[in-house]
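Following: one structure in structure tokens, then a few remarks.
Each residue takes its place number in the sequence, starting with 1. Both ligands and their constituent atoms are indexed starting at 1 by order of listing.
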Amino acid sequence: EAKTRGRNAWSVFDPQLQRTVRERAALEVDIRMALEQGHFLLHYQPVVDAEGRVQGAEALVRWKHPERGLIPPGAFIPAAEQMGLIFALDRWVLRLACQQLALWAQDAATADWTLAVNLSAQEFRHADFVSRMQDILRDTGARADRLKLELTESLMLDEVEDSIAKMQTLRGWGIQFSLDDFGTGYSSLGYLKRLPLSQLKIDQSFVRDVLLDANDAAIVRTVIALGQSLGLEVVAEGVETRGQLDFLVAHGCRRFQGYLFGRPAEAQMLLAHAGLVVPAG
Ligand code: C2E
Ligand code: MG
Ligand code: MG
Ligand code: MG
């Protein structure tokens, strides 16, 4: 009893905690304002095939902060998820990404490109998600079969049956699903088999040391083989060097994303990359 009270009393006056609470509250206000004032933007990172040809891109959100400059998503997505602001943010991202897809559709050079959008499990699980998605596709004119939704393994934590049903509905429209950061989260091969996925993304933490660490190499080889046996496309993330690329190609990976091919940048930059070919092997 005394111990509990003691701990609570201590935490109330803990200056570190006080600061964290204040920072959190300030961040919440900032994120709300940024949404209202249009201070978020999307960068696009190319996804290429084994010949180095651009197949599409992943949309990655950035916060263009008036004082702090460009802030990466790792600094605000977790907070936005905790504060219930991720719904508005992810919907904004989806809408802009679909507008971009509709633009690409008008140009022969980019008409086949797919665009992958990261989705928080919270937004995906929202009861209105399917109808929101339908509205966005209708409003923007984007082709559903050019859109990829990237989900993480946290999706498998609960309400799995609901999620599978929802994925099947969207899959029926042509939307494809990709399992992001594969191998870093809660994995169940049983669920993996049941999810209507078309793609697995090997997390960059495994790719980074693939030439140095035998365990990472084994994981990467296993994920590629797993994808192949389940009929899923496998994308390697975080490909920075020629050596990493050669390893991945040698083991059957056919889709790549990473600084070797292009950093996330504005849509215009991606168009410039489209001509830039880095052949593998
Ligand atoms: P992710 O979906 O796994 O995205 C890949 C991350 O790896 C991106 O970080 C990208 O910039 C980075 N990256 C790409 N190539 C390389 C490389 O060669 N080397 C290294 N070291 N890094 C590379 P970013 O943009 O900071 O995004 C971080 C995470 O934030 C994303 O991880 C995704 O989970 C989340 N995120 C981004 N945009 C959104 C969004 O619109 N909505 C939601 N809910 N989450 C998002
Ligand atoms: Mg992603
Ligand atoms: Mg990832
Ligand atoms: Mg990640």
Have a look at ligand 1 and work out which part of Gln204, if any, has a heavy atom under 4.0 Å from it: side chain, backbone, both or neither.
side chain

For the atom pair CD (Gln244) and CD (Gln204), what is the distance rounded to the nearest 0.5 Å?
10.0 Å

Any chance the side chains of Gln257 and Gln45 put a donor and an acceptor closer than 3.5 Å?
yes

For ligand 1, which atoms, with element, lie under 4.0 Å from some heavy atom of Glu240?
17 (C), 18 (O), 19 (N), 20 (C), 21 (N)

Which ligand 1 atoms does Gly258 reach within 4.0 Å, using its non-hydrogen atoms?
15 (N), 18 (O)

Can you tell me if Arg263 contacts ligand 1 (heavy atom of the residue under 4.0 Å from the ligand)?
no

Output the atom name for the N/O/S atom of Asp180 with the smallest distance to the Mg ion (ligand 3).
OD1

Atoms of ligand 1 under 4.0 Å from any heavy atom of Asp90, numbered from 1 in the order shown, are 40 (C), 42 (N), 43 (C), 44 (N)

Are the side chains of Met83 and Arg32 in touch, meaning some heavy atoms are under 4.5 Å apart?
no

In Glu58, which N, O or S atom comes closest to the Mg ion (ligand 2)?
OE2

With a 4.0 Å cut-off on heavy atoms, is Lys201 in contact with ligand 1?
no

Does Phe87 CZ have over 12 foreign heavy atoms under 6.0 Å away?
yes

cation_pi(Arg132, Phe129) dist<6.0 Å, angle<=45
no

Asp181 OD1 and Glu237 OE1 subtending at the Mg ion (ligand 3) (10° steps)
110°

Closer than 4.0 Å to some heavy atom of Asp181 - which atoms of ligand 1 meet that?
3 (O)

What N/O/S atom of Glu150 is the closest to the Mg ion (ligand 2)?
OE1

Counting N and O atoms only, with roles assigned by atom type, does the side chain of Thr110 sit under 3.5 Å from a partner on the main chain of Trp113, one being a donor and the other an acceptor?
no

Polar-atom distance check: Gln257 versus ligand 1, any N or O pair below 3.5 Å?
no

On the 0 to 90° scale, with breaks at 30° and 60°, tag the Phe76-Phe40 ring pair as parallel, tilted or perpendicular.
tilted

Distance-only, no hydrogens or angles: does the Gln168 side chain make a donor-acceptor pair with backbone N or O of Pro196 under 3.5 Å?
no

Judged by non-hydrogen atoms, does Pro264 sit under 4.0 Å from ligand 1?
yes

Which of the numbered atoms in ligand 1 are below 4.0 angstrom from a heavy atom of Gln45?
14 (C), 15 (N)

Could you check which of Ile77, Asp180, Thr152 puts a non-hydrogen atom nearest to atom 1 (P) of ligand 1?
Asp180

Looking only at non-hydrogen atoms, which of Gly262, Pro73, Ala59 approaches atom 35 (C) of ligand 1 most closely?
Pro73

Atoms of ligand 1 close to Val93 [distance to a heavy atom under 4.0 angstrom, numbered from 1]
41 (O)

Is it true that atom CD of Glu240 has more than 12 heavy atoms of other residues, nucleotides or ligands lying nearer than 6.0 Å?
yes

Taking both backbone and side chain into account, is any N, O or S atom of Ser178 nearer than 2.8 Å to the Mg ion (ligand 2)?
no

